Number of protein chains: 2
Amino acid sequence: CTVKPLQIKRPSIMVRDLKIKPVITARAEEAISGVARKMVDNNVNHLPVVDHADRLMGIVTSWDIAHAVAKDSRKLTEVMTKKVIVAMEDEPVELIARRIDKHEISGVPIVDRENRVKGMITAEDISRLICSQNNKEGGSK
Amino acid sequence: CTVKPLQIKRPSIMVRDLKIKPVITARAEEAISGVARKMVDNNVNHLPVVDHADRLMGIVTSWDIAHAVAKDSRKLTEVMTKKVIVAMEDEPVELIARRIDKHEISGVPIVDRENRVKGMITAEDISRLICSQNNKEGGSK
Ligand SMILES: C[S@+](CC[C@H](N)C(=O)[O-])C[C@H]1O[C@@H](n2cnc3c(N)ncnc32)[C@H](O)[C@@H]1O
């Protein structure tokens with residue numbers, strides 16, 4: 001529904017063209033409580049989980065923290081999602097919008113060819129981008 | 001951005017016209033772990049917190065569970081949000097869409113005049129509604 005404005009033809013904006021914000025990550029060996037604190041302190045709902053070389057291993061959200069509490073799990077690797085939907089730097093933002101929509105998720109990590117985490121892109125980032133683009137086109141006055 | 005389609009004039013749909021699903025609630029005296037389990041088992045992210053007469057006292061989401069874990073809190077009343085944004089049955093859905101958008105939340109409890117919880121309406125419910133409405137109008141082909 002919300003991706004409709006993208007059907008208008010225009011040169012694609014690539015993920016790498018976005019101003020990618022530094023991303024807060026978690027390490028697989030971190031305690032759940034520390035991960036929860038990281039989320040809350042930084043006011044972010046998604047933390048990509050990485051290894052020592054910043055390679056993506058999973059993703060954890062507050063929903064997974066609720067899971068951990070529900071089943072009294074202490075290990076991040078037990079509750080994180082391991083099959084992560086990602087965005088590559090050389091993909092058009094449009095495609096990412098559809099991917100986010102299709103999988104009903106609210107954000108995806110951006111990874112490079114070596115699976116190293118470069119940033120996060122959220123549904124909110126995308127709708128902000130589309131809004132500003134549409135405004136530019138519609139309203140030159 | 002996403003609420004734009006609503007600017008097209010048409011008779012307003014009221015909250016009471018929606019098919020309101022039975023809502024899973026929590027009681028203020030419940031343990032955080034039980035609340036987390038309720039969320040996970042029912043696959044819902046929002047639980048209105050009610051008193052013995054089903055009157056709204058607060059709302060709890062997986063985000064608040066992460067808060068509880070972060071500060072090692074065991075009491076629901078310490079982490080639930082007490083100032084709850086709500087929807088009344090005699091309000092137009094359009095207004096609720098804007099309210100949800102404005103407060104950057106993903107859902108609101110529906111309450112009656114006595115503050116008793118009648119259901120939940122989520123951003124997802126609303127976008128589904130708008131999608132199906134737009135499709136009806138656009139495509140009689
Ligand atoms: C993702 S929102 C956070 C939005 C907020 N603007 C912020 O940046 O902290 C999560 C918080 O919103 C609260 N919340 C969710 N639905 C709410 C509602 N209908 N009324 C009031 N608070 C709500 C939850 O209890 C939770 O603490």
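Order of the sequence lines sets the chain letters (A, B, ...), proteins ahead of strands, with each chain counted from 1. These figures come from a predicted structure and were not determined experimentally.
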Asker: Are Val86(A) and Ile105(A) grouped together when hydrophobic residues (ILVMFWY) are joined by side-chain heavy atoms under 4.5 angstrom apart?
Answerer: no
Asker: Going only through I, L, V, M, F, W and Y residues with side-chain contacts under 4.5 Å, is there a path from Val108(B) to Met14(B)?
Answerer: no
Asker: Any link between Ile126(B) and Val15(B) through a network of hydrophobic side chains (Ile, Leu, Val, Met, Phe, Trp, Tyr) touching at under 4.5 Å?
Answerer: yes
Asker: Can you hop from Ile100(A) to Val93(A) via hydrophobic side chains spaced under 4.5 Å?
Answerer: yes
Asker: Do you know which two heavy atoms are closest between Val69(B) and Ala36(A), and how far apart they sit?
Answerer: CG1-CB, 3.7 Å
Asker: Transitively linked via ILVMFWY side-chain contacts under 4.5 Å: Val79(B) with Val49(B)?
Answerer: yes
Asker: Please look at Val60(A) and chain B and tell me whether the side chain, the backbone, both or neither of the residue comes under 4.5 angstrom of a heavy atom of that chain.
Answerer: neither
Asker: Highest number of heavy-atom pairs under 4.5 Å with chain B: which of Val35(A), Asp41(A), Val44(A)?
Answerer: Val44(A)
Asker: What heavy-atom pair brings Ala66(B) and Met39(A) nearest, and what distance separates the two atoms?
Answerer: CB-SD, 4.4 Å
Asker: Can you measure from CG (Asn43(B)) to CH2 (Trp63(A)) and round to the nearest 0.5 angstrom?
Answerer: 5.0 Å
Asker: Got a second to check how far Asn45(A)'s CG is from Ser62(B)'s OG, nearest 0.5 Å?
Answerer: 6.0 Å
Asker: Once you round to the nearest 0.5 Å, how far does CD of Glu124(A) lie from CD of Glu104(B)?
Answerer: 5.5 Å
Asker: So, taking the atom named CD1 in Ile65(A) and the one named NE2 in His67(B), what distance separates them when rounded to the nearest 0.5 Å?
Answerer: 12.0 Å
